[in-house]
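Single-structure report; data block below.
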Amino acid sequence: MKQHIADLISAALKTLSENGIFSADVQPDIMVENTRDKSHGDFASNVALTLAKPARRNPRELAQLITEALPISSTLEKTEIAGPGFINFFVTQESTTAVIEQIIAQKDQFGRGLAGSNERTQVEFVSANPTGPLHVGHGRGAAYGAAVADLLEAAGVPVEREYYVNDAGRQMNILATSVWLRYLEQFDTAITFPSNGYKGDYILDIAASVADAHGDLYNRSLDDVMRDIPADEPQGGDKDSHIDALTERAQELLSAEGYAIFFNAALDSILSDIRDDLSEFGITYQKWFSELSLNTNGDVDSAINILQEKGYLFEEEGNLWFRSTDFGDDKDRVVRRANGLTTYFASDIAYLKNKFERGFEKVLYIWGADHHGYIARMKAACQALGYDPERLLVRLVQFAILYRGEERVQMSTRSGSFVTLRELREEVGKDACRFFYVTRKADQHMDFDLELAKTESKDNPIYYIQYAHARVCSIHRKLAEHSWTWDCDAGLAHLNRLDTEYEKDLITQLSKYPEILTNAAVNYEPHLLANYLKELANDFHSYYNANKMLIDDAELRNARITLSEATRQILNNGLTLLGVNSPEQM
RNA sequence: GUGCCCAUAGCUCAACUGGAUAGAGCAACGCCCUUCUAAGGCGUAGGUUGUAGGUUCGAUUCCUACUGGGCGCACCA
């Protein structure tokens, strides 16, 4: 409809420029927007305001000329000129109610595929280190990333979801060593557990499973383990050198195969836990990408070589540096240390290159807000590799602070009192979690109130929306009790009977769905859809209270039920995109 | 110290990406169940959009400087 009106304006402008009102080289963007106030009609355009200067005319006078030059259209009831020179368009009832027919016909396909882009896009999100279970901080990134990916797909953009598994590096060695030390404890070895080790209960479980499978094969004496190991921090030493010495000792005493057993037991167990967790959260990935694979297949070396050949690398004090400052970064970055090990950033560069080589037109990274300092160096790497930095997109997700009513839920990794995503899901349910996480703009801090998420009343937006859906379903059940059936065709044939204010408002709201979906998708802002669904539910509840559906007048009854059914369909479509269920009964 | 993000009703947040009188929900107050689920609806009240400038027909939105908060600034992952 917007496009149709824009076309009409465009035709009018053409007429005016042919008549010499303004020169033909003036080509304005024709903006048609939804009106905020019903008295302003259904749509409004500001063309007269933007054209006033080049046409050297008073905007209201120009608006008058434009409306007079508009081609005749059966969809327009009338136009008005208002305010400083807005043109307000009033649309006929038939063209407004047509949206109901489209929704009924297209069902879950309604509003999809309008992004106008078929650029293959990769969305990489969560990508938490596989060193422990996901916590609530990861939950927001998960819900946001999944919603963005699903929205893009719905808008017609080809999408792949990917999880980058950080299965290389020091933290993984500390993890494997932690499991081994817990394993040793199974044989009554009195180890003082390193302060920097992973202390979670899940480590004990993994250690026990290794003991079940391999018995005491990897048991070593306390003397062998601790010989010449520097003191830990509580004993007046340094926690980092202590744990690093222990990880080296583990590899010495266990041989490659033995060490790999602990390493893989930890990785497999934790990763499958993360996978299950996300799956229960309604999130699945097309690919789980191993960081380690970048090292073993030579991608890291080849990425470094490319930068070397292009002359962006230099050596200093034995380290190999990438001159990222050439591309706007704050400081240069090490890619290979003097000890020969490549840095985490080197893997990131190789991974980026790998993504583009797989043919993605755009790569979207979703990071916690604390990672914003990485954007500049990644953009720099992108440019240095020879790719347009516009193709690399980063969206930051702020932390969610948990509240239980007024009380802030204290979380601290150090004390191990962090809340896991699984615990959150078990407490408030998947639907409330998924919805709450995406109701706020991603770059806004948000308060997540556990009590509110569990409330079963209109205070809780997710119940409010789901209840609207259930209410429509309930009407169908009640219909049977009156021995009536819903005649959709009869309903569609009498949409002109839908003339109350509530009905008009609801229909107008329904007609906005396609552009809300598209906007939410292309701007990576799922909160737009979440808020829209709240408004739609609100319009439906108002309607439901004011106008009765189960009435003797068959024409009106069928028309109203058809409108309700269209509303149910949109609620269902929208909730599905956000990963939320649409219950038929509350 | 320096860079990025944020600041809107008492509280939690919106505002179609520069449009008309800045909107919802909580909390407060007043109504509506012999009628399809009151798990709901209707209404009242609540604002100098952090401060000061600037850009223009028009600014919550863009620019600059302040104020206050969050985060980053490793040869860590």
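What you see is a predicted model, and the numbers here were worked out from it, not measured in a lab.
- Here rC36(B) is the nucleotide among rC36(B), rC13(B), rC5(B) with the atom lying nearest to any side-chain atom of Met549(A).
- At a threshold of 4.0 angstrom between heavy atoms, the contacts of Arg170(A) are confined to the sugar-phosphate backbone, with no base atom among them.
- Residue Tyr464(A) places at least one side-chain N or O closer than 4.0 Å to OP1 or OP2 of rG41(B).
- Separating the C1' atom of rC42(B) from that of rC4(B) is a span of 46 Å, rounded to the nearest Å.
- Checking rA15(B) for Watson-Crick or G-U wobble geometry (two distances, each under 3.5 Å) identifies no partner in any strand.
- Taking atom P on both rC26(B) and rU34(B), the two are 24 Å apart, rounded to the nearest angstrom.
- Counting any heavy atom pair closer than 4.0 Å across all strands shown, Ala546(A) reaches no nucleic acid atom.
- Nucleic acid contact for Ala369(A): sugar-phosphate only, since backbone atoms but no base atoms lie under 4.0 Å from a heavy atom of the residue.
- Contacts of Asp348(A) with the nucleic acid, taken as non-hydrogen atoms under 4.0 Å apart, are absent.
- Contact detail for Asp329(A) and Ser324(A): the closest heavy-atom pair is OD2-OG, 2.9 Å.
- No engagement by Lys534(A) is indicated, since no non-hydrogen atom pair under 4.0 Å with the nucleic acid exists.
- A distance-only check finds a donor-acceptor pair linking the side chain of Gln466(A) to the backbone of Asn581(A) [under 3.5 Å].
- With both pairing distances under 3.5 Å, rA20(B) is matched to nothing as a Watson-Crick or G-U wobble pair.
- Taking a pair to require two hydrogen-bonding distances under 3.5 Å in either a Watson-Crick or a G-U wobble arrangement, rU56(B) remains unpaired.
- Rounded to whole Å, the P atom of rA27(B) lies 15 Å from the corresponding atom of rU12(B).
- Here Ala245(A) pairs with Ile229(A), Pro230(A) under the side chain to side chain contact (heavy atoms under 4.5 Å, CB included) rule; sequence neighbours left out.
- Taking atom P on both rG41(B) and rG50(B), the two are 31 Å apart, rounded to the nearest angstrom.
- Between rG54(B) and rA15(B), the distance separating the two P atoms is 28 Å to the nearest Å.
- The number of heavy atoms from other shown groups lying within 6.0 Å of CD (Glu584(A)) does not exceed 12.
- Set against rA20(B), rC36(B), rA39(B), the side chain of Ala82(A) has rA20(B) as its closest nucleotide.
- Side-chain contact between Met172(A) and Leu267(A) is present, with at least one heavy-atom pair separated by less than 4.5 Å.
- Asp487(A) is linked by a salt bridge (Lys or Arg N to Asp or Glu O under 4.0 Å) to nothing, counting only residues two or more places apart in sequence or in another chain.
- Less than 4.0 Å separates RNA chain B from at least one heavy atom of each of the following residues of residues 428-446 of chain A: Arg440(A), Lys441(A), Asp443(A), Gln444(A), His445(A), Met446(A).
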In B/S/- notation, 5' to 3', how is nucleotides 22-33 of chain B contacted by protein heavy atoms closer than 4.0 Å? ----S-------
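- There is a side-chain donor-acceptor pair under 3.5 Å between Trp486(A) and Thr562(A).
- The nucleotide rC75(B) finds no pairing partner, because no Watson-Crick or G-U wobble arrangement with both distances shorter than 3.5 Å includes it.
- Under the Watson-Crick or G-U wobble criterion, with both distances below 3.5 Å, rA7(B) is paired with rU67(B).
- The gap from the C1' atom of rG70(B) to that of rG23(B) amounts to 27 Å, rounded to the nearest Å.
- For Asp447(A), the side chain to side chain contact (heavy atoms under 4.5 Å, CB included) partners two or more places apart in sequence, or in a different chain, are Ile401(A), Tyr403(A).
- Note on ring orientation: taking the six-membered ring where Trp is involved, the planes of Tyr532(A) and Tyr513(A) are tilted (angle from 30° to 60°).
- Residues Ala346(A) and Val335(A) share a closest heavy-atom pair of CB-O, 3.5 Å.
- When the nucleotides rA38(B), rC36(B), rA15(B) are ranked by their closest atom to the side chain of Leu550(A), rC36(B) comes out on top.
- Taking the P atom of each, rU44(B) and rA38(B) are spaced 23 Å apart, rounded to whole Å.
- A syn orientation is assigned to rU17(B), its glycosidic angle lying within 90° of 0.
- Nucleic acid contact for Asp330(A): none, since no nucleic acid atom lies under 4.0 Å from a heavy atom of the residue.
- Nucleic acid contact for Ser474(A): base, since at least one base atom lies under 4.0 Å from a heavy atom of the residue.
- One N or O donor and one acceptor, one from the side chain of Glu317(A) and one from the base of rC75(B), sit under 3.5 Å apart.
- In the set rC71(B), rA39(B), rG41(B), the nucleotide with an atom closest to the side chain of Ser542(A) is rG41(B).
- Using bins of under 30°, 30° to 60° and over 60° for the plane-to-plane angle, the ring pair Tyr164(A)/Tyr344(A) lands in the perpendicular bin.
- Among the atoms of the strands shown, none is found under 4.0 Å from any heavy atom of Asp244(A).
- For the atom pair Phe314(A) CZ and Asn319(A) CG, the distance stands at 9.5 Å (nearest 0.5 Å).
- Phe399(A) comes within 4.0 angstrom of nothing in the nucleic acid, heavy atoms only.
- Judged purely by atom type and a 3.5 angstrom limit, Tyr463(A) has no side-chain atom pairing as donor or acceptor with the backbone of Lys454(A).
- Counting non-hydrogen atoms under 4.0 angstrom, Asn319(A) reaches a base of the nucleic acid.
- When both pairing distances are held under 3.5 Å, rU49(B) makes no Watson-Crick or G-U pair with any nucleotide shown.
- Relative to the six-membered ring of Tyr544(A), Arg471(A) meets both conditions, a distance below 6.0 Å and an angle of at most 45° to the axis.
- For RNA chain B, the residues of residues 518-525 of chain A within the heavy-atom distance limit of 4.0 Å (strictly under) are Asn519(A), Asn523(A), Glu525(A), sorted by number.
- Residue His40(A) is in base contact, counting any heavy-atom pair closer than 4.0 Å across all strands shown.
- Across all strands, Ile516(A) comes closer than 4.0 Å to no nucleic acid atom at all (heavy-atom distances).
- Each of rA14(B), rG41(B), rA20(B) was ranked by its minimum atom distance to the side chain of His527(A); first place goes to rA14(B).
- When heavy atoms are screened at a 4.0 angstrom cut-off, Ala44(A) is found touching base atoms of the nucleic acid.
- rC42(B) shows a glycosidic angle more than 90° from 0 and is accordingly assigned anti.
- Residue order along RNA chain B, read from the 5' end via each residue's closest nucleotide, puts Gln398(A) first among Gln398(A) and Ser39(A).
- Annotation: of the two residues near RNA chain B, Asp447(A) and Trp321(A), the 5′-most nearest-nucleotide partner is Asp447(A).
- The Asp37(A) side chain lies nearest to rU21(B) when the options are rA20(B), rU21(B), rG19(B).
- Ion pairing between a basic and an acidic side chain is recognised when a charged N comes within 4.0 Å of a carboxylate O; Lys38(A) and Glu501(A) show such pairing.
- The partner of rA28(B) is rU44(B), judged by Watson-Crick or G-U wobble contacts that both fall below 3.5 Å.
- The residue Lys548(A) sits close to a base: some heavy atom pair falls under 4.0 Å.
- rU48(B) and rG10(B) are spaced 8 Å apart, taking the P atom of each and rounding to whole Å.
- Side-chain contact annotation: Asn129(A) with Gln171(A), donor-acceptor N/O pair under 3.5 Å absent.
- The side chain of His372(A) contributes no N or O atom lying less than 4.0 Å from OP1 or OP2 of rC73(B).
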